[in-house]
Amino acid sequence: MNLATIRERAARDGLALTGWLRPGSGDGAPAGTRALLLLGHGGPEMWACFRAAPEAGDGNPHPLDRWSRRVIGALAAEIGATALFPFGGPPYQPFIRWTYAGEPIHQSKLGMAVHEERGLWSGWRGALALFEEIDLPPVIRGAHPCEGCAAPCRAACPVSAFTDAGYDVARCRAHLDSAAGAPCRARGCLARRACPVGARFAQSDEQGAFHLEAFRVA
Ligand code: SF4
Ligand code: SF4
């Protein structure tokens with residue numbers, strides 16, 4: 001088993017192998033884990049696979065989470081791994097810790113993770129805990145994408161929900177529940193869309209609206 005094989009297999013479900021790490025004793029991985037592989041959004045393929053799946057149209061709650069459990073669970077079973085998910089808690093798996101350790105990402109001026117290549121377009125759907133040895137290339141880190149950036153992301157939020165003091169969730173939610181929030185509801189967070197990094201990884205308007213609605217009603 002190697003990373004290329006797993007990457008190819010994950011791609012059949014539209015999932016990108018976005019990162020990897022060898023977890024330490026304080027990283028919250030299952031006992032005996034030799035490697036954690038992170039899976040998620042890496043372009044339009046994941047959304048296309050999900051939209052074609054039965055979960056997308058069955059009318060039951062949490063369709064994307066149920067799809068993720070099914071396809072990542074099947075992948076894990078095939079390779080003798082354990083599937084882990086960033087949803088379904090509490091308790092929650094420490095995905096944020098894993099992603100910062102396993103990918104070239106940094107904290108952006110919006111607070112959320114910004115990937116050096118994917119920009120703000122990360123969306124982790126699960127992880128595979130492997131219990132046998134596998135070669136893992138080092139995670140190469142470059143410059144922080146926000147260094148020297150004038151932060152068009154912040155400027156794009158119609159209610160200035162992102163400031164040096166942090167993300168004003170209540171202000172954002174109030175806007176989303178108002179008539180003026182229609183553009184955000186139709187396409188997803190406008191601040192996220194305004195970042196020039198990783199534009200080719202951007203979610204479609206439909207996907208953006210789906211995630212925003214999930215946030216709005218949570
Ligand atoms: S727009 Fe600039 S400051 Fe904002 S997240 Fe993107 S790179 Fe960082
Ligand atoms: S969803 Fe809209 S209101 Fe909320 S932070 Fe993003 S741009 Fe601002």
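Just so you know, ligand 1 is whichever comes first in the structure, and atom 1 is the first atom listed for that ligand.
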#### Entry: Flag if over 12 foreign heavy atoms under 6.0 Å of CD, Glu133
yes
### Task
Specify whether Phe162 and Tyr167 have parallel, tilted or perpendicular ring planes, treating 30° as the upper limit for parallel and 60° as the lower limit for perpendicular.
parallel
### Cationic N near anionic O, under 4.0 Å, Asp168 to Arg173
no
### Query
Could Arg66 and Asp58 be called an ion pair, given the rule that one side-chain N must be under 4.0 Å from one carboxylate O?
yes
### Task
May I ask you to test the Leu15-Val71 pair for a side-chain heavy-atom distance under 4.5 Å?
yes
### Message
Do the side chains of Glu78 and Arg9 get close enough for a salt bridge, i.e. N-O under 4.0 angstrom?
### Response
yes
### Task
With 2.8 Å as the limit, jot down which protein N, O or S atoms are around atom 2 (Fe) of ligand 2.
Cys184 SG
#### Entry: Arg141 side-chain N/O to Glu103 backbone N/O, donor-acceptor pair under 3.5 Å
yes
### Query
Does ligand 2 have an atom that lies less than 4.0 angstrom from a heavy atom of Phe162?
yes
### Query
Taking the six-membered ring of Phe85 as reference, does the NZ or CZ atom of Arg69 fall below 6.0 Å from its centre and within a 45° cone about the axis?
yes
### Query
Which protein N, O or S atoms lie under 2.8 Å from atom 6 (Fe) of ligand 1, given by chain and residue number?
Cys195 SG
### Cationic N near anionic O, under 4.0 Å, Arg51 to Glu206
yes
#### Entry: Option passing side chain to side chain contact (heavy atoms under 4.5 Å, CB included) with Leu212 (candidates Gln203, Arg185, Gln207)
Arg185
